[in-house]
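Report on the structure given below.
Side-chain atoms are counted along with the backbone in the values below, which use heavy atoms only and exclude waters and symmetry mates. Residue numbers begin at 1 in each chain, while the letters A, B, ... track the order of the sequences.
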There are 2 protein chains.
Amino acid sequence: MLSTMSTPGRSVETLSDAAVRLMEAAADAFAAKGFHATTTRDIASHAGLSPAGVYVHFASKEDLLFQLSREGHEAARDMLVAAASAAGSPTEALRSIMAVFSQWHAEHFRVARIVQYEFQNLTAEHREAVLGLRKEIDSVVRDVLTAGVASGEFTVTDVPDTALALLSMAVDVARWYDPEIKRTPEAIGRTYGELGLRLVT
Amino acid sequence: MLSTMSTPGRSVETLSDAAVRLMEAAADAFAAKGFHATTTRDIASHAGLSPAGVYVHFASKEDLLFQLSREGHEAARDMLVAAASAAGSPTEALRSIMAVFSQWHAEHFRVARIVQYEFQNLTAEHREAVLGLRKEIDSVVRDVLTAGVASGEFTVTDVPDTALALLSMAVDVARWYDPEIKRTPEAIGRTYGELGLRLVT
DNA sequence: GTCTATATGCGGATAGAC
DNA sequence: GTCTATCCGCATATAGAC
């Protein structure tokens, strides 16, 4: 079994059981209390390990944050690219990317909070690595808007500004979403798909 | 000069110079690094005081957070109420509240980040106190939407959902705004006033 | 790969002089 | 109201046995 530290870019399925438990415990804690308010003892005990057990699988607490942030960004980007590619028109593409992105921020609100709000706690190197993924995400939205303007389906005053406002609606879902509420992630996705189209027509 | 601890609800102008400097230093630090990553020594030194100097003016680090959060929430609420009251129609009211709320989240992005993202770090009692202000803010937006639906100016499928999406656009400004960017807070306000209207018509 | 034990430093808050 | 000095607990991370 390869360790996280020796193969930082490998896929999820090569992680040991303990590493997976640590990442889940860290995701819960970072999302609930924030990176700095979370102790490595919290994470270790929730994963069923002693405090020292963390360092067999991850180089540091920040490394744990980085792995979560990177995987979260990659998942979000992959979903957006797939949704945009599968659509038959800019209108359907925008509806689809807003729906999947919003739904993802609800369903995976713990990782989404880490992605959106714990970014600043990465080291400079790790922040740089993740920044590339963030730019890819922005590009997907901007490209859909540009295509819709070209086809005449959309009326948009400023593409970058509108792309940012669309992303804001979806990103902010991670801030207010609570699994206790009645709205389902699917319903949130449908709603935001429609609201996104209103913003461009 | 009355201390902060003996009169927690008094207005800003009765604060001593040192208390004001402490709140400014705390606002900078909390917004830049988050509540838990900020040390009382950071705050004190940036305010020109020794570590012990903080406790003459505030009961604890959390008390400092609470004062900032409460004043920020009150300022935001007062602005929204004034903007909604001054407007001659639901259409103008919505444009105005979206403009002032977005502009505020840019201009005062440090306090806005504390208001929106450090909420969870308040004690249960303080969180409860601020929750009332948050509900007032939500009500302003919902009332404008309800009035616009009644007058026929707006076509809204679901008032609470749409109110939340509108607030999300403005709130998220505090996350991405950076004083280095070229967009001015005023321009952001104008843009979001227009985008808000698109969402309801 | 997991443990117990611990090194080491830092952080919130207080004591008490001035 | 501000300081210096300090208490006390906690947090990250490591050492070294098994």
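Each side chain to side chain donor-acceptor pair (under 3.5 Å) pair with one or both residues in residues 191-201 of chain B, not counting sequence neighbours, appears once here: Arg95(B)-Glu194(B). Sorted by first and then second residue, the pairs that involve residues 18-30 of chain B and meet side chain to side chain donor-acceptor pair (under 3.5 Å), not counting sequence neighbours, are Asp28(B)-Arg110(B).
The separation between Leu49(B) atom CG and dT4(D) atom P is 11 Å, rounded to whole Å. Counting to the nearest Å, the P atom of dG11(C) and the CG atom of Leu64(B) are 16 Å from each other. The distance from atom CZ of Phe30(A) to atom P of dA11(D) is 14 Å, rounded to the nearest whole Å. Atom pair Asp17(A):CG and dG1(C):P shows a separation of 11 Å (rounding to whole Å applied). Note: NZ (Lys33(B)) to C1' (dG11(C)) measures 12 Å, nearest angstrom. The interatomic distance linking Leu22(A) (CG) with dG1(C) (C1') rounds to 12 Å, in whole Å.
Residue Ser50(A) is classed as a base contact, given a heavy-atom separation below 4.0 Å to a base.
For His36(A) and dA11(D), the shortest distance from a side-chain N or O to OP1 or OP2 is not below 4.0 Å.
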message: What does the B/S/- profile of nucleotides 13-18 of chain D look like, 5' to 3', with a 4.0 Å heavy-atom cutoff to protein?
response: BBB---

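The ring pair (Phe, Tyr, Trp, His ring centres under 6.0 Å) check on Phe119(A) picks up nothing, with sequence neighbours excluded. Remark: His105(A) engages Phe101(A) in a ring pair (Phe, Tyr, Trp, His ring centres under 6.0 Å) (not counting sequence neighbours).
With hydrogens and angles left out, the side-chain atoms of Arg113(A) and Gln116(A) include no donor and acceptor closer than 3.5 Å.
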Going by atom type alone, with no hydrogens or angles, which donor-acceptor pairs under 3.5 Å involve a side-chain atom of residues 139-149 of chain A and a protein atom two or more places apart or on another chain?
residue   : atom : partner   : partner atom : Å
Ser139(A) : OG   : Lys135(A) : O            : 3.1
Thr146(A) : OG1  : Arg142(A) : O            : 2.9

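For Ala18(B), the listed nucleotide lying nearest its side chain is dT2(D); candidates were dT2(D), dG11(C), dA11(D).
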